[in-house]
Amino acid sequence: MKIIKQQTAHSSSLLLFFAGWSAAPELFTRLKADEGTDVMICYDYREIGFMEDLTRYKEIHLIAWSMGVRMAELAIGGKYRLRTATAINGTPRPIDDRYGIPVDIFRGTIDNLTAEGLSRFNRRMCGSRDTLAGYEAVRPRLLEEVRDELQHIYDLCRVEPQPDAARRTAPIAWTRALISSDDRIFPAANQHEYWDTRCPEVLEIKAPHYPFYLWNQWNEL
């Protein structure tokens, strides 16, 4: 795992963000945080170790998008008390016919991950030409890198047993789930199936899988 840090010496609050698969961190560094709040952007899940010591922070706000939801659970688990934990277009069961991306579709993405295959994925993820243009204006990560990352995510998640196991092995108490109605990656119906009985606040928004063009500041989330 790689982490980009936006820190000051005396901040007492941390915004901890886990990005989705293949996304370049520069897509998120533009988002501004409140004064007195540090930001850590986690990405590249070819290995999942999280070595940061967050004990100095009085409060931690977690935001995770897409595959980052499950990666956050694997990386930090119950290590820290979180003030808020927001999941965006993802669930703790990311490869699942009922609660996540259907298994055959996920496997097909791996098997067809060429430059053109990644381009098709980005088009589905962004939904519109304008959103896609903004997404692709940021320098992309290397194809070989994101291919290895996706395979590692698959290897981490495919061995999970039956659906209820997610509740037993998911120590993060998610406080809010945002679900895009036009999500063509993580079906909205599957997200609702998971979150509607497990999260105290579930909000559906009009957006594609990649919704970050909607916001300029982290506190809007």
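What's counted below: heavy atoms across the whole structure, side chains too, no hydrogens, waters or symmetry copies.
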Quiz item: Taking atom types as modelled, is there a side-chain donor on E201 or W195 under 3.5 Å from an acceptor on the other?
Solution: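 No.
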Quiz prompt | Test side chain to side chain contact (heavy atoms under 4.5 Å, CB included) applied to E204 - qualifying residues, sequence neighbours left out | solution =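 E204 satisfies side chain to side chain contact (heavy atoms under 4.5 Å, CB included) with S181, H192 only.
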Quiz prompt | Test side chain to side chain contact (heavy atoms under 4.5 Å, CB included) applied to E220 - qualifying residues, sequence neighbours left out | solution =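 Per chain and number, E220 pairs via side chain to side chain contact (heavy atoms under 4.5 Å, CB included) with W215, N216, Q217.
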Practice problem: State which residues pass ring-ring contact (aromatic ring centres under 6.0 Å, His included) with Y210; sequence neighbours excluded, sorted by chain then number. | Solution: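 Partners of Y210 by the ring-ring contact (aromatic ring centres under 6.0 Å, His included) criterion, ordered by chain and then number, come out as W65, Y135, F212.
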Quiz item: ring-ring contact (aromatic ring centres under 6.0 Å, His included) with Y57: which residues, sequence neighbours excluded?
Solution: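 With neighbours one apart ignored, the set is empty.
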Practice problem: Let me see the working for D44 and R46 under salt bridge (charged side-chain N to carboxylate O under 4.0 Å, His left out), right down to the final yes or no. | Solution: CA-CA 6 Å; D44 189 353; R46 288 176 291 174; 2.7 Å; yes
Quiz item: Step by step, would you call R141 with E149 a salt bridge (charged side-chain N to carboxylate O under 4.0 Å, His left out)?
Solution: CA-CA 11 Å; R141 293 168 55 199; E149 180 187 20; 3.0 Å; yes
Quiz prompt | Exam field: side chain S22 to backbone V146, donor-acceptor pair closer than 3.5 Å | solution =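 No; judged by distance alone, with no hydrogens or angles, the pair does not exist.
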Quiz item: Looking only at atom types and distance, does a side-chain atom of S11 sit under 3.5 Å from a main-chain N or O of S13, one as donor and one as acceptor?
Solution: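 Judged by distance alone, no pair lies under 3.5 Å.
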Quiz item: Can you list the steps and then say if M1 with C42 is a side chain to side chain contact (heavy atoms under 4.5 Å, CB included)?
Solution: CA-CA 7 Å; M1 181 186 303; C42 305; 3.8 Å; yes
Quiz item: Between F17 and W218, is the gap from one ring center to the other below 6.0 Å?
Solution: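 Ring-ring flag for F17/W218: true, centres closer than 6.0 Å.
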Quiz item: Can you check whether F121 and W21 have ring centres sitting under 6.0 Å from each other?
Solution: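 Here the rings of W21 and F121 have centres that are less than 6.0 Å from each other.
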Quiz item: In chain order, what residues pass the side-chain hydrogen bond (donor to acceptor under 3.5 Å, both in side chains) check against R107, with sequence neighbours excluded?
Solution: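 side-chain hydrogen bond (donor to acceptor under 3.5 Å, both in side chains) check on R107 returns D111.
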Practice problem: Evaluate salt bridge (charged side-chain N to carboxylate O under 4.0 Å, His left out) for E52 paired with K2, printing each intermediate quantity in order. | Solution: CA-CA 11 Å; E52 301 296 322; K2 296 177 181 176; over 6 Å; no
Quiz item: Tell me the salt bridge (Lys or Arg N to Asp or Glu O under 4.0 Å) pairs involving residues 17-42, sequence neighbours left out?
Solution: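 Every pair satisfying salt bridge (Lys or Arg N to Asp or Glu O under 4.0 Å) with a residue in residues 17-42: D38-R56.
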Practice problem: Show your working on salt bridge (charged side-chain N to carboxylate O under 4.0 Å, His left out) between R147 and E144 and close with a plain yes or no. | Solution: CA-CA 5 Å; R147 183 188 291 119; E144 294 78 9; 5.0 Å; no
